[in-house]
**Q** 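Shown below is the structure under consideration.
Heavy-atom basis, side chains included; hydrogens, waters and symmetry copies ignored.
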Amino acid sequence: MPKFRELREEKGLQAKQVAEQAGIDPTLYSRFENYRALPIPTDFERIVEALNCLPIEIYSPDEVRLLPNANRVEATGGARTTAEPTEYKMTVRLGNDSRQVLTREVLQKCGYKSINEWVAVCVQRLKSQYDAIISAEKKPRNALRNKAHGAVGARQSTNTPTDTILSKSKTFVK
């Protein structure tokens, strides 16, 4: 069972206040609290922000299964194509000590608007780190390749004046 009501009461809020902060109709929010309806992801994100909590505090990991939307099919001018996912939704298991760090207050003090923004920055840092590692791994191979090409290139560059002289001499030979 979701813990919307428990969290709201712990924070001393009324259901109407949470609904207003989340930009959701109070009747609909009541249905979420009473487990008569499930919020769509965007509504759920806004409720989590209004309650200043983590999704795992509302639903247990067994209740939530988020999968990428890669199998979605879109119609484009009559032709059907498989759409690339625009978002990747994930569930991560973290220790209890993470709850104290991954709060809205901590994230905002560190310059992040949301946990989504923080994760996006972490993914970019990971990609940069990975790219640097791949680049470093390629450098020794490229250095050897450049040495081999450099030796050939050096011969060619030293032969260039000779080629020029020979091409001029051919005009004299005619």
Side-chain angles (χ1 to χ4, degrees), residues 1-8 10-11 13 17-25 28-29 32-33 35 37-150 153:
M1 294 284 286
K3 299 175 185 150
F4 291 107
R5 180 175 286 136
E6 289 175 33
L7 287 167
R8 177 181 56 78
E10 282 177 17
K11 300 191 186 282
L13 297 171
Q17 290 173 309
V18 174
E20 285 174 5
Q21 287 179 5
I24 299 170
D25 179 64
L28 183 59
Y29 179 76
F32 299 152
E33 274 197 3
Y35 210 78
L38 294 173
I40 61 173
T42 54
D43 288 347
F44 184 63
E45 286 177 5
R46 292 193 312 245
I47 292 169
V48 166
E49 286 184 24
L51 291 172
N52 195 21
C53 66
L54 295 172
I56 196 78
E57 294 176 74
I58 296 174
Y59 290 104
S60 72
D62 297 331
E63 292 176 298
V64 180
R65 295 281 185 249
L66 299 175
L67 301 171
N69 58 356
N71 295 328
R72 190 181 74 208
V73 175
E74 291 181 353
T76 54
R80 294 182 64 83
T81 60
T82 303
E84 290 294 319
T86 56
E87 295 180 345
Y88 183 78
K89 298 176 183 178
M90 63 182 191
T91 302
V92 180
R93 293 183 193 264
L94 300 170
N96 286 334
D97 56 333
S98 300
R99 286 184 185 184
Q100 296 167 349
V101 178
L102 292 176
T103 64
R104 194 162 86 179
E105 293 169 22
V106 171
L107 290 167
Q108 286 177 349
K109 281 189 180 188
C110 293
Y112 301 102
K113 293 177 187 171
S114 66
I115 195 163
N116 289 338
E117 183 182 350
W118 175 74
V119 169
V121 168
C122 289
V123 168
Q124 286 301 318
R125 285 184 189 154
L126 180 63
K127 183 182 180 320
S128 296
Q129 184 180 3
Y130 176 75
D131 290 346
I133 290 169
I134 295 301
S135 177
E137 288 175 350
K138 287 182 179 178
K139 280 186 182 178
R141 280 187 249 147
N142 287 343
L144 290 173
R145 196 174 299 135
N146 289 342
K147 270 189 177 179
H149 289 301

**Q** Can you list everything that forms a salt bridge (charged side-chain N to carboxylate O under 4.0 Å, His left out) with K127? Sequence neighbours excluded, please.
**A** D131
**Q** At what distance, to the nearest 0.5 angstrom, does CD of Q17 lie from OH of Y29?
**A**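 Separation between the atoms: 10.5 Å.
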**Q** Suppose we screen for side-chain hydrogen bond (donor to acceptor under 3.5 Å, both in side chains). Which residues come up paired with R104, at least two apart in sequence or across chains?
**A** none
**Q** Would you compute the distance between atom CD1 of I133 and atom OH of Y130 and round it to the nearest 0.5 angstrom?
**A**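 Separation between the atoms: 8.5 Å.
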**Q** Answer yes or no: is there a donor N or O on one side and an acceptor on the other, between the side chain of R5 and the main chain of E33, under 3.5 Å?
**A** no
**Q** Among residues two or more places apart or on two chains, list those pairs meeting salt bridge (Lys or Arg N to Asp or Glu O under 4.0 Å) that have a residue in residues 46-59.
**A** D43-R46
**Q** Can you sort out the partners of A37 under side chain to side chain contact (heavy atoms under 4.5 Å, CB included), two or more places apart, ordered by chain and number?
**A** R31, F32
**Q** Which distance, rounded to the nearest 0.5 Å, do you find between the CG of L54 and the CG of L102?
**A** 6.5 Å
**Q** Mind telling me whether F4 and Y59 have parallel, tilted or perpendicular rings, with 30° and 60° as the class edges?
**A**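 It falls in the perpendicular class, over 60°.
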**Q** Any chance you could measure E10, atom CD, to C53, atom SG, to the nearest 0.5 Å?
**A** 9.5 Å
**Q** Any idea which heavy atoms bring V18 and A50 closest together, and the distance?
**A**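 Residues V18 and A50, closest heavy atoms: O-CB, 3.9 Å.
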**Q** Nearest heavy-atom pair of K113 and Q108: which atoms, and what distance?
**A**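 Looking at all heavy atoms of both residues, the shortest contact is O-NE2, 4.4 Å.
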**Q** Within a strict 4.5 Å, meaning less than it, do heavy atoms of the I115 and V48 side chains meet?
**A**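 They are not in side-chain contact.
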**Q** Mind checking what makes side chain to side chain contact (heavy atoms under 4.5 Å, CB included) contact with Q100, not counting sequence neighbours?
**A**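 In terms of side chain to side chain contact (heavy atoms under 4.5 Å, CB included), with neighbours along the sequence ignored, Q100 is linked to no residue.
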**Q** Could you report the tightest heavy-atom contact between E105 and N52, atom names first, then the distance?
**A**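 That would be OE2-ND2, 3.6 Å.
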**Q** For the atom pair CG (L28) and CD1 (I40), what is the distance rounded to the nearest 0.5 Å?
**A**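 Rounded to the nearest 0.5 Å, the CG-CD1 separation comes to 8.5 Å.
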**Q** Suppose we screen for side chain to side chain contact (heavy atoms under 4.5 Å, CB included). Which residues come up paired with E45, at least two apart in sequence or across chains?
**A**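 With neighbours one apart ignored, the set is N116.
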**Q** Sequence neighbours excluded, which residues qualify as side chain to side chain contact (heavy atoms under 4.5 Å, CB included) partners of L126?
**A** Q129
**Q** Quick one, E117 and L107 - any side-chain contact, counting heavy atoms below 4.5 Å?
**A** no
**Q** Do V123 and V119 have side chains that get closer than 4.5 Å, going by heavy atoms?
**A**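 Counting from C-beta outward, V123 and V119 do come under 4.5 Å.
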